[in-house]
Amino acid sequence: MVSAIVVLMTERCSVCGEVGGWAAHFCFMRRGGAGLRPMVQERDIAAIIGPELDLLGFECVKLELVGSSGSPVVRLYIDKPGGVTVGECAKVSRALGLVLEREDPFPGRYLLEVSSPGNNRPLVSEEHYQRFAGQDARVAVERAEGKITYTGRIRSCINGDLTLETDGGDVVVALREIVRAHLINQEYKIDKKRPKEKRPSRQSWRRGEQ
């Protein structure tokens, strides 16, 4: 399928989106921050933004702190029953951006990304595996013999053990061994009022420093 990149730039922000298909994945970015404190950890950011995210009614599917120490990137995946719209990603981005500016946890500039989970929703906690029992997933496991990737249907997840139904039979994986996991072809219905062929697969919003 042919896709097109649309870019809109203004004095203070730029908006870019990829049109083609309807995979639901949106990303809103915000720059800011200044200070002299040491680099924070993911758990610190989660503690800062968690209460505001709860008030807004969204689940933190996954939070990643990536990039360099001089230019960190806070990558946040959010969800709620029924999926997440473009406008809701923008709303959360603005709200959390204000929280981070107020708390100012970074030693320099930073980038905040707020995204919907997309078609391949990350699986992070035991509750995630239990919620999506019966769905297909890809699970990467790190063991002494090396990295192994399993693909199969989630049968159950009890007491820290995940059971996958694979083509070779059932496989039991301890959650502590999982380094990465996500659903396969999980469709999220984003912005239901728009025709499927016009739904963007990715859209970004970048603000200048405040």
Between [X] and [Y] (side chain of the first, backbone of the second, donor and acceptor by atom type, cut-off under 3.5 Å), is there such a pair?
{"X": "Q135", "Y": "L183", "answer": "no"}
{"X": "R153", "Y": "E165", "answer": "no"}
{"X": "Q130", "Y": "C157", "answer": "yes"}
{"X": "D44", "Y": "Q41", "answer": "yes"}

Can you find a heavy atom in the side chain of [X] that is under 4.5 Å from one in the side chain of [Y]?
{"X": "I49", "Y": "L63", "value": "yes"}
{"X": "S115", "Y": "C89", "value": "no"}
{"X": "V92", "Y": "L53", "value": "yes"}
{"X": "S116", "Y": "D79", "value": "no"}
{"X": "P72", "Y": "F106", "value": "yes"}
{"X": "T151", "Y": "D136", "value": "no"}
{"X": "K80", "Y": "E88", "value": "yes"}
{"X": "L111", "Y": "V74", "value": "no"}

Next on the checklist: Could you walk me through whether R121 and Y77 satisfy the side-chain contact (heavy atoms from CB on, under 4.5 Å) test, starting with their C-alpha distance in whole Å, then the side-chain angles of each, then the deciding distance to 0.1 Å, before giving a yes or no?
Outcome noted: CA-CA 9 Å; R121 187 189 200 275; Y77 298 91; over 6 Å; no
For a quick test of reading the model, state the closest non-hydrogen atom pair linking [X] to [Y] and the distance between them.
{"X": "E42", "Y": "L65", "value": "OE2-N, 3.1 Å"}
{"X": "G152", "Y": "L164", "value": "O-CD2, 4.0 Å"}
{"X": "S93", "Y": "V114", "value": "CA-CG2, 3.8 Å"}
{"X": "A47", "Y": "P51", "value": "O-CD, 3.3 Å"}
{"X": "I78", "Y": "F58", "value": "CD1-CD2, 4.0 Å"}
{"X": "I45", "Y": "P105", "value": "CD1-CG, 4.0 Å"}

Measure the spacing between [atom1] of [X] and [atom2] of [Y] and express it to the nearest 0.5 Å.
{"X": "S156", "Y": "L162", "atom1": "OG", "atom2": "CG", "result": "7.5 Å"}
{"X": "R94", "Y": "L56", "atom1": "CZ", "atom2": "CG", "result": "10.5 Å"}
{"X": "I178", "Y": "E126", "atom1": "CD1", "atom2": "CD", "result": "10.0 Å"}
{"X": "R131", "Y": "L123", "atom1": "CZ", "atom2": "CG", "result": "9.5 Å"}
{"X": "I48", "Y": "R102", "atom1": "CD1", "atom2": "CZ", "result": "9.5 Å"}
{"X": "L98", "Y": "E103", "atom1": "CG", "atom2": "CD", "result": "12.0 Å"}

Check whether [X] and [Y] end up in the same hydrophobic cluster, where Ile, Leu, Val, Met, Phe, Trp and Tyr are linked by side-chain heavy atoms less than 4.5 Å apart.
{"X": "L175", "Y": "I148", "answer": "yes"}
{"X": "I158", "Y": "F132", "answer": "no"}
{"X": "V124", "Y": "V173", "answer": "no"}

Next on the checklist: Which residue in the set K62, E59, H182 passes side-chain hydrogen bond (donor to acceptor under 3.5 Å, both in side chains) when paired with H128?
Outcome noted: E59
Next on the checklist: Assess whether a salt bridge exists between K147 and E142, defined as any Lys/Arg side-chain N lying under 4.0 Å from an Asp/Glu carboxylate O.
Outcome noted: no
Checklist outcome for this item: Hits for side chain to side chain donor-acceptor pair (under 3.5 Å) against E52, two or more places apart or cross-chain, chain-then-number order -> none
Next on the checklist: Other residues, nucleotides and ligands only: do more than 12 of their heavy atoms fall within 6.0 Å of CZ on R143?
Outcome noted: yes
